[in-house]
Q: 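This is the structure I have questions about; it appears just below.
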Amino acid sequence: MNQMIEQEPQRQRYFMEQMKALVAERSREKGRPLTCMINTFGCQMNARDSEKLLGILETIGFVEADSEEADFVLYNTCTVRDNANQKVYGRLGYLQTLKKKNPDMLIALCGCMMQEPSVIEKIKKSYSHVDIIFGTHNIFKLAELIYNRMMGDRMVIDIWDAAKEIVEDLPVERKFPFKSGVNIMFGCNNFCSYCIVPYVRGRERSRKPEDILAEIRRLVADGVVEVMLLGQNVNSYGTNVETPITFAELLRQVNEIEGLERIRFMTSHPKDLSEDLIEAMRDCKKVCNHLHLPLQSGSSRILGLMNRRYTKESYLELVDKIRAAVPDIALTTDIIVGFPGETEADFQETMDVVRRVRYDSAFTFIYSKRTGTPAAAMENQVPEDVVKVRFDELLQEVQKISGEVCGRDINTTQKVLVECLDDHKEGYVTGRLTNNTVVHFPGDASLIGRIVDVYLEEAKGFYYMGRCDR
Ligand code: SAH
Ligand code: SF4
Ligand code: F3S
């Protein structure tokens with residue numbers, strides 16, 4: 001075995017070649033192709049990572065299966081809230097029964113949960129049927145890790161504390177032919193006091209603008225019309241590259257790419273959202289009419305404890321500025337209920353912001369204690385029953401408002417990017433407006449990936465029914 005190639009991605013290309021031969025041999029023995037399945041938990045970063053992982057698996061000869069009864073099953077995990085972890089442990093029991101039926105099956109775990117030492121200990125102790133464990137910093141090594149597992153007879157564990165380099169130019173298998181996530185940065189430096197992401201994803205690292213632009217040009221040449229620029233805080237993009245560049249400038253450059261139709265991005269931290277970015281959003285025609293602006297709490301006191309570095313007032317001012325520059329923009333948000341020390345008065349401040357901003361939609365979360373974060377050590381955790389009451393009150397308000405504002409484009413003709421066949425109604429397709437609202441209208445598979453004019457006939461709260469206006 002050639003262990004001498006140190007440089008990436010050449011080293012991985014070598015292991016992919018080795019694996020290709022191995023997979024082909026096993027598949028000959030079995031008289032059928034080897035199958036693989038990736039189950040992805042968590043956010044868009046994980047979804048994008050899974051596309052890279054699938055790219056490697058398909059390159060080495062695995063065929064994607066649609067169930068976990070496969071020869072290689074990989075869970076790409078999330079640990080942002082405890083319920084995500086519990087789901088993984090629950091599923092691992094089920095995988096064990098599958099492995100009894102197919103003893104050659106390989107089970108692998110990766111993603112954010114694996115960056116926590118306590119998780120690794122638990123898996124080693126209680127889930128010895130797992131074959132491979134790796135983390136968030138070395139997903140590009142998948143071929144090498146499978147190779148090592150197949151050549152040996154023990155669990156392979158490879159977790160890095162920090163990223164060593166950004167490895168470019170490995171295969172990717174996109175879920176959608178017409179749209180794609182594009183990482184512009186990795187990691188997070190913000191250390192919001194409740195959040196585990198900076199610990200499991202490491203420090204902030206931006207990709208070079210030329211690599212990002214080249215990737216998007218390649219995607220467009222391959223049929224992509226919409227990109228989602230991904231980072232935990234895209235507004236601080238570009239501070240740690242050789243020639244510093246702002247996110248606003250990157251947006252302007254992406255906007256110039258011919259053939260690209262829509263640009264989205266996720267996530268924007270309110271503390272770093274500059275005037276310059278607001279102008280870029282206003283000027284760039286391809287930037288979608290939607291901004292996800294996580295609030296977390298409407299109480300300035302709680303925001304301070306959360307280490308968010310903005311106040312209720314500065315958040316509301318920011319919303320006004322954005323709406324002045326981009327009228328009709330759809331705003332969405334994330335809110336946490338039950339942060340330690342949250343009083344009824346604090347909670348009502350959150351309700352007040354929700355009523356003033358009138359979000360198109362809001363993801364609401366019950367605070368989940370994450371070991372190792374500053375908030376986990378705070379004493380006055382809010383009792384579960386109190387949190388539950390507040391959560392229900394918030395959810396009801398959020399849904400009521402969203403039902404009222406989402407229909408604002410009724411009786412107009414809008415551009416819709418068709419994403420798939422409607423899974424509820426035969427003869428219909430489903431797509432999205434630039435502001436991200438879903439539209440169903442009569443059509444067939446030939447429309448998928450195309451942007452068409454649709455007349456919005458009926459507002460149904462969170463979505464429209466329309467008809468193609470051609
Ligand atoms: N980088 C993004 C958020 C990534 S995590 C940002 O700053 O907006 C996605 C969402 O999960 C967060 O916005 C927050 O609302 C929620 N979240 C994070 N940690 C949490 C915790 N410990 N308990 C409950 N919700 C949490
Ligand atoms: Fe977590 Fe805050 Fe970073 Fe978002 S910005 S990932 S909430 S620490
Ligand atoms: Fe979860 Fe990791 Fe994303 S913890 S939310 S998958 S960055």
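Hydrogens, waters and symmetry mates are skipped; everything else that's a heavy atom, side chains included, is used. For ligands, and for the atoms within them, numbers begin at 1 and follow the listed sequence. For reference, positions follow the sequence shown, starting with 1.
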Q: Look at atom 21 (C) of ligand 1 and say which protein heavy atom is nearest, naming residue and atom and giving the distance to 0.1 Å.
A: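 Nearest protein contact, heavy atoms only, for atom 21 (C) of ligand 1 is Ser368 O, 3.6 Å.
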Q: Got more than 12 heavy atoms from elsewhere within 6.0 Å of NZ, Lys99?
A: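 Yes, the 6.0 Å shell around NZ holds more than 12 heavy atoms from other groups.
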Q: Counting from 1, what ligand 2 atoms have a heavy atom of Arg308 closer than 4.0 Å?
A: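 Checking each atom against Arg308, I get 2 (Fe), 7 (S).
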Q: Apply salt bridge (charged side-chain N to carboxylate O under 4.0 Å, His left out) to residues Glu275 and Lys321 and explain how you reach the verdict.
A: CA-CA 9 Å; Glu275 302 264 338; Lys321 272 194 222 158; 3.0 Å; yes
Q: Are any of the side-chain nitrogens in Lys175 or Glu51 under 4.0 Å away from the carboxylate oxygens of its partner?
A: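 No, this pair does not count.
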Q: Give the atom numbers and elements of ligand 1 that come within less than 4.0 Å of a heavy atom of Tyr367.
A: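 Those of ligand 1 that fall under 4.0 Å from Tyr367 are 23 (N), 24 (C).
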Q: Is the closest side-chain heavy-atom distance between Glu68 and Leu95 below 4.5 Å?
A: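 They are in contact (side-chain heavy atoms under 4.5 Å apart), so the answer is yes.
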Q: Tell me which part of Cys188 gets within contact of ligand 2: side chain, backbone, both or neither, using heavy atoms under 4.0 Å.
A: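 Within the 4.0 Å criterion, Cys188 contacts ligand 2 through side-chain atoms alone.
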Q: On the six-membered ring of Tyr315, is Lys312 placed so that its NZ or CZ lies under 6.0 angstrom from the centre and within 45° of the ring axis?
A: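 No, a cation-pi geometry is absent between Lys312 and Tyr315.
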Q: Can you sort out which atoms of ligand 2 are near Val197, meaning under 4.0 Å from one of its heavy atoms?
A: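 Within the 4.0 Å cut-off of Val197, ligand 2 contributes 6 (S).
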Q: List the closest protein heavy-atom neighbour of atom 2 (Fe) of ligand 2: residue, atom name, distance to the nearest 0.1 Å.
A: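 The answer is Cys192 SG, 2.3 Å.
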Q: Mark up the atoms of ligand 2 that fall under 4.0 Å of a heavy atom belonging to Cys195, in ascending order.
A: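 Heavy-atom distances to Cys195 below 4.0 Å select 1 (Fe), 6 (S), 7 (S), 8 (S).
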Q: Suppose I only count heavy atoms of Gln232 and a 4.0 Å limit; which atoms of ligand 1 are within that range?
A: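 Those of ligand 1 that fall under 4.0 Å from Gln232 are 1 (N), 2 (C), 3 (C), 4 (C).
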Q: Is the NZ or CZ atom of Lys122 both under 6.0 Å from the centre of the six-membered ring of Tyr89 and within 45° of that ring's axis?
A: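 Positive - Lys122 is close enough to the ring of Tyr89 and near enough to its axis.
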Q: Could you tell me the residue and atom name of the protein heavy atom closest to atom 1 (Fe) of ligand 3, and the distance to it rounded to 0.1 Å?
A: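 Ranked first by proximity to atom 1 (Fe) of ligand 3 is Cys78 SG, 2.4 Å.
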Q: State whether a side-chain donor-acceptor pair under 3.5 Å links Asn76 with Ser50.
A: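 Distance-only check passes for Asn76 and Ser50.
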Q: Determine, step by step, whether Lys400 and Glu397 satisfy the salt bridge (charged side-chain N to carboxylate O under 4.0 Å, His left out) criterion, reporting the C-alpha distance in whole Å, the side-chain angles of both residues, the deciding distance to 0.1 Å, and the verdict.
A: CA-CA 5 Å; Lys400 184 179 129 244; Glu397 190 66 18; 3.7 Å; yes
Q: Show me which atoms of ligand 3 lie under 4.0 Å from any heavy atom of Cys43.
A: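 Listed by number with element, the hits are 3 (Fe), 5 (S), 6 (S), 7 (S).
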Q: Please state which part of Tyr194 comes within less than 4.0 Å of ligand 2, counting heavy atoms only: side chain, backbone, both or neither.
A: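 Under 4.0 Å from ligand 2, Tyr194 contributes side-chain atoms alone.
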Q: Does either side chain, that of Asp272 or that of Asn233, offer a donor lying less than 3.5 Å from an acceptor on the other one?
A: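 The criterion, which ignores hydrogens and geometry beyond distance, is satisfied for Asn233 and Asp272.
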Q: How far does CG of Asn85 sit from CD of Glu116, to the nearest 0.5 angstrom?
A: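 Here the interatomic distance stands at 6.0 Å.
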Q: Quick one: CZ on Arg432 to CG on Leu417, what's the gap to the nearest 0.5 Å?
A: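 It is 9.5 Å, given to the nearest 0.5 Å.
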Q: Ligand 2 versus Pro198, non-hydrogen atoms closer than 4.0 Å: side chain, backbone, both, neither?
A: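 For Pro198, the contact with ligand 2 is made by the side chain alone.
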Q: Please list the nearest protein heavy atom to atom 7 (S) of ligand 3 with its residue and the distance rounded to 0.1 Å.
A: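 It is Gln232 NE2, 3.3 Å.
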Q: For ligand 1, which atoms sit closer than 4.0 Å to a heavy atom of Arg81?
A: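 Ligand 1 atoms under the 4.0 Å threshold to Arg81: 11 (O), 16 (C), 17 (N), 23 (N), 24 (C), 25 (N), 26 (C).
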Q: Applying a 4.0 Å heavy-atom criterion (strictly less than), which segment of Ile336 is in contact with ligand 1: side chain, backbone, both, or neither?
A: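 Side chain only.
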Q: Ligand 1 versus Phe365, non-hydrogen atoms closer than 4.0 Å: side chain, backbone, both, neither?
A: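 Contact part for Phe365 vs ligand 1: side chain (C-beta onward).
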Q: For ligand 3, is there an atom lying under 4.0 Å from some heavy atom of Arg201?
A: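 Within the 4.0 Å threshold, so yes.
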Q: Any N or O on His269 sitting closer than 3.5 Å to an N or O of ligand 1?
A: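 His269 vs ligand 1: no N/O contact under 3.5 Å.
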Q: Phe191 heavy atoms, cut-off 4.0 Å: which ligand 2 atoms fall inside?
A: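 Reading through ligand 2 atom by atom, the close ones are 8 (S).
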Q: Quick one: does ligand 3 sit under 4.0 Å from the side chain of Cys112, the backbone, both or neither, non-hydrogen atoms only?
A: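 The answer is the side chain of Cys112.
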Q: Measure the acute angle between the ring planes of Phe363 and Phe365, then classify it against the limits of 30° and 60° as parallel, tilted or perpendicular.
A: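 The arrangement is parallel - the two ring planes meet at less than 30°.
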Q: Which residue and atom name correspond to the protein heavy atom nearest atom 9 (C) of ligand 1, and how close is it?
A: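 I find the closest protein heavy atom is Asp334 OD2, 3.8 Å.
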Q: Output the list of atoms in ligand 1 that are nearer than 4.0 Å to some heavy atom of Arg370, sorted by atom number.
A: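 This gives 22 (N) as the contact atoms.
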Q: Quick one: nearest non-hydrogen protein atom to atom 5 (S) of ligand 1, plus distance?
A: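 The protein heavy atom lying closest is Val80 CG2, 4.0 Å.
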Q: Can you sort out which atoms of ligand 3 are near Asn46, meaning under 4.0 Å from one of its heavy atoms?
A: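 Near Asn46, the atoms of ligand 3 are 6 (S).
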Q: Under a 4.0 angstrom heavy-atom cut-off, which atoms of ligand 1 come close to Pro294?
A: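 Ligand 1 atoms under the 4.0 Å threshold to Pro294: 8 (O).
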Q: Lys415 vs Glu261, test: salt bridge (charged side-chain N to carboxylate O under 4.0 Å, His left out). Steps then yes/no.
A: CA-CA 11 Å; Lys415 299 256 176 251; Glu261 302 279 353; over 6 Å; no
Q: By number and element, which atoms of ligand 1 are closer than 4.0 Å to a non-hydrogen atom of Arg308?
A: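 This gives 7 (O) as the contact atoms.
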Q: Output the distance between atom CG (Asn289) and atom OG1 (Thr434), rounded to the nearest 0.5 Å.
A: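 It comes to 5.0 Å.
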Q: With backbone taken as N, CA, C and O and side chain as the heavy atoms from C-beta onward, which portion of Asn233 lies under 4.0 Å from ligand 2: side chain, backbone, both, or neither?
A: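 Answer for Asn233: neither.
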Q: When you measure from the centre of the six-membered ring of Phe186, is the NZ or CZ of Arg201 under 6.0 Å away and within 45° of the axis?
A: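 No.
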Q: For atom 24 (C) of ligand 1, state which one of Val234, Ile366, Thr373, Thr267 supplies the nearest heavy atom.
A: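 Minimum heavy-atom distance to atom 24 (C) of ligand 1 goes to Ile366.
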Q: Looking at Gln296, which atoms of ligand 1 are within less than 4.0 Å of one of its heavy atoms?
A: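 Counting atoms of ligand 1 from 1, those under 4.0 Å from Gln296 are 8 (O), 12 (C), 13 (O), 14 (C), 15 (O).
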Q: Test ring pair (Phe, Tyr, Trp, His ring centres under 6.0 Å) on Phe41 and Tyr75; report intermediate values, then the result.
A: CA-CA 8 Å; Phe41 300 81; Tyr75 279 7; 5.8 Å; yes
Q: Test of understanding: given a 4.0 Å heavy-atom threshold, classify the contact between Asn233 and ligand 1 as side chain, backbone, both, or neither.
A: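 Neither part.
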Q: May I ask you to say whether Glu144 pairs ionically with Arg11, meaning some side-chain N is under 4.0 Å from a carboxylate O?
A: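 A salt bridge is present here (some side-chain N lies under 4.0 Å from a carboxylate O).
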